[in-house]
Number of protein chains: 2
Amino acid sequence: MTRKSGVALWRQIADQIRQAVSAGTLGADGRLPPEMVLSERFGVNRHTLRSAIAALVQEGVLRAEQGRGTFVESRQKLSYPISARTRFSTGLRSQTRDRRSILLAHAVEQASQRVAEGLGLAEGAPVVRLETLSEADERPVSRATSWFDAERFPGYAEAYAETGSITLGFQSYGIEDYFRKSTLVSARHADAADLADLKLSAGAIVLVAVAVNVDTQGLPIQYAETRFVADRVELSVSTEAQ
Amino acid sequence: MTRKSGVALWRQIADQIRQAVSAGTLGADGRLPPEMVLSERFGVNRHTLRSAIAALVQEGVLRAEQGRGTFVESRQKLSYPISARTRFSTGLRSQTRDRRSILLAHAVEQASQRVAEGLGLAEGAPVVRLETLSEADERPVSRATSWFDAERFPGYAEAYAETGSITLGFQSYGIEDYFRKSTLVSARHADAADLADLKLSAGAIVLVAVAVNVDTQGLPIQYAETRFVADRVELSVSTEAQ
DNA sequence: TATAATTTGTTCGTATGTATT
DNA sequence: AAATACATACGAACAAATTAT
């Protein structure tokens, strides 16, 4: 194993273990092999391997018990559906008990070129911006920034704050139904803000979904950029029966 | 900025710059501020900043010219459509001139539980495995592992090698049309094999798409796991008009 | 054209973190 | 626990290429 890549050896090993565990090629029975075995398998010193395990214990991926062994903390990935009927609030309801969204901040601002394009507005048009955080089982899952046309939805932030839901927020403006038009999915390292909001450690990955929702007439009503914690979430695209 | 996180300072800075550039908050005019300015802005020594820039130059994100400055190499992301009619070969045709797929290896093996489930076969049933690499403009874009029912498609690897296309390979078995049934999208750090095949540097991210294709009767005919270079690819999900 | 200013590239030295033995 | 080797980070100065005056 080489160093010099800018990533310490213990973190490289930690990443490999995290991945092998999630792929099921390591600790499939819930238990990791002894440190000596692992250190030989990865070709590193036991000290280095222990640093990696310590980091994963800190992250909540593993649990080490003196004299017994190291165990996998079961953490199934949340599967987030993406379809024409995608709703941010309903997608994960069945998979987790305690799920909630938190409104971190909101403001009225001028639409950037990107936002204006997504909402079909002129650049600089007034838009409402919502910053929200979603948690499942007491742990952060996603961090979203949404924009709405401020002329059509004045005070949308308040409507959202009262109802606690995007869908219910729209209902107070007479919108009974809406559809997901498009979703662009990419992935990148979490930035400083994401690291703080989503309580991640350096080097963590976020899945980024840029989505446009439209009303029944096909007019854009929401432009959103959601950052999902890649370790905890997968996106499920169903394309059958069209 | 802290060290000791297991990720070198220069790499943290590199990640920040890469992201700021792609977000347009840095080098929007195609030119980066001088090293002295950047090193002060990020609160690091000029050496450290230069290491970060060197890594991004190596990656192809930036270009440095002595005496002139450091410039942004425009590299638009390839947008890969995901829909019921998704074809691996046709998706990117319009966005790039030189695109090709390379068959790295193939074998007949016994279906693992995961593969068997995807193809609707019994665990241990014989399957054909294809290892392929896709390039666009001389650079690796994706690395895929595909499985096919060996009883229904004996010698599929040869059919693929001759035609150079999944779609044409199916045609030699009388399958004129097929559909993408489902796609699971996740993201992770590239593993050692991905780093080598996709010519990436440590810490790089891959978008993983696990897909099932079905024939017109709805029977699974292909189970595939594709790793896309996250820096170069975004997945585009269209969900309108259902 | 000549010179100064700007900007990237290189070379010292020193201190600390990381990994192995 | 200690010794050793390498990678990372900072500081200062100088060299080389380009641009502005």
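A, B, ... follow the sequence lines: proteins, then strands. Residue 1 opens every chain. These numbers were taken from a predicted model, which means no experiment stands behind them.
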Original post:
Would you say A:Arg31 and A:Thr70 make side-chain contact, with heavy atoms under 4.5 Å?
Top reply: no
Subject >> Any donor-acceptor pair under 3.5 Å from B:Asn45 side chain to B:His47 backbone >> reply: yes
**OP:** State whether a side-chain donor-acceptor pair under 3.5 Å links A:Thr145 with A:Arg227.
**Re:** yes
Subject >> Whole angstrom value for the distance that separates P of D:dA9 from CD1 of B:Ile13 >> reply: 9 Å
Original post:
Taking side chain as C-beta onward, heavy atoms only, is A:Met36 less than 4.5 Å from A:Leu38?
Top reply: no
Subject >> Donor + acceptor pair across side chains of B:Trp147, B:Glu225 (<3.5 Å) >> reply: no
Original post:
Rounded to the nearest Å, what distance is computed from the CZ atom of residue B:Arg11 to the P atom of nucleotide D:dA7?
Top reply: 15 Å
Original post:
Can you find a side chain N or O atom of B:Thr70 that sits less than 4.0 Å from OP1 or OP2 on C:dT8?
Top reply: yes
Original post:
Tell me, do B:Thr183 and B:Val210 make a side-chain contact under 4.5 Å, heavy atoms counted?
Top reply: no
Original post:
Ion pair present between B:Asp194 and B:Arg188, side-chain N to carboxylate O less than 4.0 angstrom?
Top reply: yes
**OP:** Round to a whole Å and report the spacing from CZ of B:Arg31 to C1' of C:dT8.
**Re:** 11 Å
**OP:** Taking only heavy atoms on the protein side, list every residue of residues 47-57 of chain B lying under 4.0 Å from any atom of DNA chain C, sorted numerically.
**Re:** B:His47, B:Arg50
**OP:** Mind calculating the distance between CG (B:Leu9) and C1' (C:dA15) to the nearest angstrom?
**Re:** 15 Å
**OP:** Give the B/S/- string for nucleotides 14-21 of chain D, one per nucleotide from 5' to 3', where a protein heavy atom under 4.0 Å of the base yields B, of only the sugar-phosphate yields S, and otherwise -.
**Re:** --BBSS--
**OP:** Could you verify whether a donor N or O on one side chain and an acceptor N or O on the other, from B:Thr132 and B:Ser101, lie under 3.5 Å apart?
**Re:** no
Subject >> Salt-bridge criterion met for A:Arg46 and A:Glu35 (N-O under 4.0 Å) >> reply: yes
Original post:
Does A:Asn45 put a side-chain nitrogen or oxygen below 4.0 Å from OP1 or OP2 of C:dA19?
Top reply: no
Original post:
What is the distance, rounded to the nearest whole Å, between atom CE of B:Met36 and atom C1' of D:dA13?
Top reply: 13 Å
Subject >> Base-pairing assignment for D:dA1 (Watson-Crick or G-U wobble, both under 3.5 Å) >> reply: none
**OP:** Return the value, rounded to whole Å, for the distance between atom CG of B:Leu32 and atom P of C:dT7.
**Re:** 12 Å
